[in-house]
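Have a look at the structure below, then the notes.
Below, chains carry the letters A, B, ... as their sequence lines are ordered, and counting in each starts from 1. All values below come from the heavy atoms of this structure, side chains included, with hydrogens, waters and symmetry mates left out.
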Number of protein chains: 2
Amino acid sequence: MKVSEEYQPLSLPEKCEETPLRRAIHLLGDTWVLLIVMNLLQGSMRFNALRTKLGHISSKTLSSRLKLLEQLGFVQRLAFLEIPPRVEYHLTAQGRELGDVIAAIEQFGNKHLSDSVVATTREACPVTVEENAAVENVR
Amino acid sequence: MKVSEEYQPLSLPEKCEETPLRRAIHLLGDTWVLLIVMNLLQGSMRFNALRTKLGHISSKTLSSRLKLLEQLGFVQRLAFLEIPPRVEYHLTAQGRELGDVIAAIEQFGNKHLSDSVVATTREACPVTVEENAAVENVR
DNA sequence: CAGGATCCGATCGGATACTG
DNA sequence: CAGTATCCGATCGGATCCTG
């Protein structure tokens with residue numbers, strides 16, 4: 001049995017975590033993290049409630065993400081001394097600030113990703129190039 | 001030789017793409033996409049320039065992401081009829097709007113992910129729970 | 001109910017080689 | 001230079017079983 005080698009669910013090619021921005025992108029560059037935070041923004045939730053709401057996430061994945069978020073101080077884990085056990089997760093003040101990011105994403109999504117995925121909304125801006133002619137759609 | 005089975009670099013468990021927000025999260029839930037857009041926000045770039053700036057991304061990965069972004073209408077591909085070939089990528093108006101999202105992420109990163117990853121900044125808010133006592137750090 | 005341990009398949013992405 | 005094709009290993013995440 002391995003001695004639990006610290007979870008590191010989010011992997012990036014290599015040494016990309018030097019800057020806060022990279023770290024942020026790294027963290028948010030994970031579907032589950034975003035989705036989890038989204039749900040927690042609406043109030044604290046229990047493990048299985050989250051699990052259900054997220055649809056099809058394995059307990060393994062969910063718990064790893066929650067653990068990560070907890071370590072980073074964005075999520076607070078609250079274990080009740082009951083039987084059966086009850087554990088509630090809720091965002092910390094810091095975590096709630098992720099709301100801004102999510103709001104931005106949501107806004108963006110609504111504006112540019114509504115249904116027409118490969119939208120016909122491609123703009124036809126007059127391309128001005130020096131010297132040579134440039135072409136689109138030429139591979 | 002397979003007949004190019006449509007790139008779909010970003011995978012999500014299953015049918016999660018029903019809503020614009022999910023789609024957005026799905027799209028932005030990718031390190032490279034974010035990173036690429038970041039760089040393009042500062043002006044158009046050529047393929048290899050991007051590649052270099054991103055550090056260690058394979059041409060395969062880079063081109064798949066660019067293709068995706070192009071399909072979605074966020075990036076414009078400009079091929080010059082020269083030899084050696086020159087191709088420039090730049091954001092469309094839509095793509096530039098991703099700047100908002102990135103800004104939000106950057107701000108968040110700077111605020112909460114600067115160096116002290118597992119910050120000691122954990123808040124000690126007084127937890128008020130009904131009936132039972134709740135505990136932290138109890139697994 | 002909350003979650004850890006294991007097994008294991010899917011896939012993503014890097015390295016390399018090749019082309020126009 | 002700007003890619004594409006192929007091979008292939010790393011890993012991520014789902015399913016299952018099990019415990020406190």
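Contacts of A/A49 classified as side chain to side chain contact (heavy atoms under 4.5 Å, CB included), with partners at least two apart in sequence or in another chain: A/M45, A/R46.
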*Report the C-alpha separation of B/L98 and B/L28 in whole Å, then their side-chain angles, then the decisive distance to 0.1 Å, and conclude whether the side chain to side chain contact (heavy atoms under 4.5 Å, CB included) test is met.*
CA-CA 9 Å; B/L98 272 165; B/L28 302 182; 3.6 Å; yes

*Would you sort out whether B/L40 and B/L50 count as a side chain to side chain contact (heavy atoms under 4.5 Å, CB included), showing the intermediate values?*
CA-CA 8 Å; B/L40 289 182; B/L50 259 176; 4.2 Å; yes

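Distance A/E82 CD to C/dA2 C1': 13 Å, rounded to the nearest Å. Atom CZ in B/R65 sits roughly 8 Å away from atom C1' in C/dG13 (whole-Å rounding). In this structure, CG of A/L54 is placed 13 Å from P of D/dG13, rounded to the nearest angstrom. Residue B/L66 contributes atom CG, which lies 11 Å from atom P of D/dA2 at whole-angstrom precision. The interatomic distance linking A/L62 (CG) with D/dG13 (C1') rounds to 12 Å, in whole Å. Atom CG in B/D30 sits about 10 Å away from atom C1' in C/dC12, given to the nearest Å. If you take CD1 of A/I36 and C1' of D/dG13, they are 13 Å apart, rounded to a whole angstrom. Rounded to an integer number of Å, the gap from CD of B/E70 to P of D/dA2 is 15 Å.
Dashed line: the shortest gap from a side-chain N or O of B/Y89 to OP1 or OP2 of D/dG3 is under 4.0 Å. At the phosphate of D/dT4, neither OP1 nor OP2 sits under 4.0 Å from any side-chain N or O atom of B/S59. For C/dG13, the OP1/OP2 oxygens have no side-chain nitrogen or oxygen of B/S64 closer than 4.0 Å. The phosphate of C/dA2 has neither OP1 nor OP2 within less than 4.0 Å of any side-chain N or O from A/R86. Dashed line: the shortest gap from a side-chain N or O of B/R77 to OP1 or OP2 of D/dG3 is under 4.0 Å. In this model, the phosphate group of C/dG4 is approached by a side-chain N or O of A/K67 to a distance below 4.0 Å at OP1 or OP2.
Nearer the 5' end of DNA chain D, as judged by each residue's closest nucleotide, is the contact made by B/F47, out of B/F47 and A/P85.
Listed nucleotides D/dA2, D/dG14, C/dC1 differ in distance to A/T61; the shortest reach to its side chain belongs to D/dG14. Distance from the side chain of A/I57 is smallest to D/dG14 among D/dG14, C/dC1, D/dA2. When the nucleotides C/dA15, D/dG13, C/dC1 are ranked by their closest atom to the side chain of B/K60, C/dA15 comes out on top. Comparing D/dC1, C/dC1, D/dG14 against the side chain of B/N48 picks out D/dC1 as the nearest.
Heavy atoms of B/R51 sit nowhere under 4.0 angstrom from any nucleic acid atom.
Within the structure, side-chain hydrogen bond (donor to acceptor under 3.5 Å, both in side chains) pairs that include any residue of residues 98-111 of chain A comprise A/K111-B/E97 (at least two apart or interchain).
A/S64 is not listed as a side-chain neighbour of A/W32, based on a closest heavy-atom distance of 4.5 Å or more.
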